[in-house]
Structures are given as C-alpha cells and as structure tokens.
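Structure first, then comments.
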Amino acid sequence: MCGLVFPSDENVLIGLDRADDAGVYKITDEIALVQTVDFFTPIVDDPYWFGQIAAANALSDVYAMGGIPKTAMNLVAFPAKEMDLSVLRLIIQGGIDKIKEAGVVLIGGHSIVDKELKYGLSVTGIIHPDRVLAKKNLRPGDRLVLTKPLGTGIVNTAIKAALASPELTDRVTRLMAALNRDAARIMADFDISACTDVTGFGLLGHLAEMVCGSGTSVRVTSGQVPVIAEALGFANMGFVPAGAYHNKSFREYMVSYADSVPRSLQDVLFDPQTSGGLLISVSDIHAAALVEALKAGGIEDAAQIGEVIDGSEEKIWVV
Amino acid sequence: MAATVDARGLSCPQPVIMTLDEIKKGQDKEIIILVDTDTSKENVSRAAESQGFAVHNVTPEGEGYRITITKG
C-alpha cells in the first residue's frame, strides 16, 4: 500500500507505520486501547471448533502486545443459500464460548451474505501505555521462548488428505483453539523485551519481522523447538502447504541453516500456523524461570528455542 | 511405457495423493507427473523420495512442470 498516507495523531503508540500484532492508542497516561481484527475461511470441518479457533486466533494479537482483551465483535460472511443457518449458529457458539473463557464480552458484529464462509472477530483490549510489548525490540543476550508446538499447517494439509489419525486431528484442533491468555499472564511477571504470536508467516517468518530493523541477529537451536512430531513425517511425504514455501523464499536471504538441520524441520520452521503460540524475548537470567512457570501453568510445550545475539547484519542462524 | 499422472489445475494435497496412489499400484518403475504450481512440484518430489523413488527429471511444460520419477 505504498504511497497511501494514513491519518495519525500523537496518541497512536503503535500504528501502521510500524505494523505490529495490534494497533495501540493512548487514552490516558494509564490506559491505552489495543485493537485488532482477524477472520478467515474454515480450517477444520467442525463448525463449533472452527468458531473457537477463529476466536482464539483473533484474541491472540491482544495477548501478544501484553494487553488484556475486553470486548469483541463478530465478523461473519455466510453462504445463506447453500448452507443451513444451524452451521452458523454452531460457529458463533464456538466463538462465544472461547471469548467467555477469555473473560471478554461480545458487544456487536456484522454479517454479510457471501459465496465463501468466513468468520472472525474484531477485538479491543486495554494496556498500560508504558507496558506495550512491541515486536521490534529484541535485546542482545535475551533468550527466545515459544509456547506452542509448530506444525499445524502441515498436519492440516495431511488431514485434508485423510492421512492424520483421529487422535492427531483432535490434538491439533485443541492446540489451535487454546488461548494464549495464560502464557501472556505468566510472562507479565518477567523481564520481557519483545513478543509476537506465531501465525501465517511461520516461526522463522515472524522471527524475521522481529529481527528486521532491530540491529540484532538470532540463533535458533532447532532441536529444542517444540514440534508436533508427526508434522516432520508429513513434510517428508510432501504435505507442505504453499504458504510454507512462500514464507521460506520470502525470507531466504536472512536465514542460514547448519548442515545438520533436515529439510523437514526447515519446512516446519516456516510452516504457517493458525492460532500459534507466543514468541517471547526474555532476559537470559529470567528464561529458565519463565519456562518453568509456563509449564507449571499448564503450557507444557513451552521451551527455550534460541537467543538474541549482537549482529547488525540481522540474520537468523538455525543450528 | 511410463504411467502419467495429470495433476494440473489441482491444489495441494491432491497432486501428492494422486502420486502416492500411482506409486502404490506398484506397476511402473517410471512415473510422469504433470503439475502447474511450484508448491506441487516441491511436494510431489518429496512424496516420490519418501517412497524410494528418485526425481529423475523436472522440465517446464506449458505453465507448469513435467516431473519424471524413477524407482532405483
């Protein structure tokens, strides 16, 4: 959208000029609004679970900024002629149950008739203006922590090919529907320099966004990255979504792999995630305690996956 | 005579499923797969290699690729 001039004022703390997970607008010295919107086409067959996943995904952007979501509005596009309204009812019920779990209220929404079903939410939260967790603030010496395992895009492709077991399908569905609320609440007690959530660009794509313009580089210890084990096998069999290849070629110039990193793991590191985990940059002395607190809080897959290093060349070293 | 799988116009995972199905038939040591996206080209190559086939040749054809895989 080069050349367009967006209106702004002095209360815009995070706007389109430094696009982040959500926009932040200061209201008083104590309170700023955190605003985000996200919607997409179904990624699972079950309408109730689709509603939950879409809501968890939309809420995640507020958590990734360090904010507390408060209100939500539905966004619905529905093929009213082709599909029974009971499907839409289940989707919205899924969304309602998920935002209830998050302590958020639904105060409105808008629906249109469309050929293709789409659902999502616009979410507004609050945050202290001095405690905004921007993504472009990496600090050399910090450790990187990831809170959900990777591989949902690859497994979803295998599900489409009817190759995933019901157990795996169930596990991945629950993973995508899991809120990042607890992870966000827990990290607030630690010395965090930057945070984002891992979604469509994959882990390395989102890490690249954090690295660009930061004046730092990062080293990812690939063997420690939490991964859905079956995703590696499916990647080897060719069930890699187009998005993973696009992500990879877009950021190729920034990434160097050690010879020991297999191709299937490289695929997983760029696999587009739906409602993925938080990617947190935490001071090295707090890193072990943060992971321990996350695990104690039920976020069992949380792990240290690398570190921020001095390096003005802004590279991602995968070892 | 090699078997030919025409997966043009189809998006993933369909070309991979068709390739795996053809390999499972076990009748041919050489299979030609026609695809029309880079993603399908990459994924069909991975699928072939995972089943003990080698990607013998990839040539541009029309708007896509002609992939020849052979059983070693």
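Numbered from 1 within each chain, the chains take letters A, B, ... in sequence-line order.
- The environment of A:Glu313 atom CD is dense: over 12 non-hydrogen atoms of other residues, nucleotides or ligands sit within 6.0 angstrom.
- With a 4.5 Å cut-off on non-hydrogen atoms, B:Glu49 touches chain A through its side chain but not through its backbone.
- Annotation: A:Phe201, atom CZ; neighbour count of heavy atoms from other residues, nucleotides and ligands within 6.0 Å does not exceed 12.
- For A:Glu82, the CD atom sits in a packed shell: over 12 heavy atoms of surrounding residues, nucleotides or ligands are nearer than 6.0 Å.
- A:Glu300 CD: 12 or fewer foreign heavy atoms inside a 6.0 Å radius.
- With chain A as partner, the option from B:Cys12, B:Pro13, B:Ala48, B:Ala47 having the largest number of non-hydrogen pairs under 4.5 angstrom is B:Pro13.
- The two residues A:Tyr245 and B:Asn43 come nearest to each other via the heavy atoms OH-OD1, 2.5 Å.
- Counted within 6.0 Å of CZ on A:Phe39, heavy atoms from surrounding residues, nucleotides or ligands total 12 or fewer; the atom is thus considered open.
- The closest side-chain heavy-atom distance from A:Val240 to B:Glu42 is not below 4.5 Å.
- Note: A:Ala161 leads A:Gly233, A:Ser264, A:Ala161 in heavy-atom pairs under 4.5 Å with chain B.
- Remark: A:Met237 CE to B:Thr19 OG1 distance equals 11.0 Å, nearest 0.5 Å.
- The shortest heavy-atom contact between A:Ala235 and B:Arg46 is O-CD, 3.4 Å.
- Among A:Ala158, A:Gly238, A:Pro241, A:Ala244, the residue with the largest count of heavy-atom pairs under 4.5 Å with chain B is A:Gly238.
- The number of heavy atoms from other shown groups lying within 6.0 Å of CG (A:Asp45) does not exceed 12.
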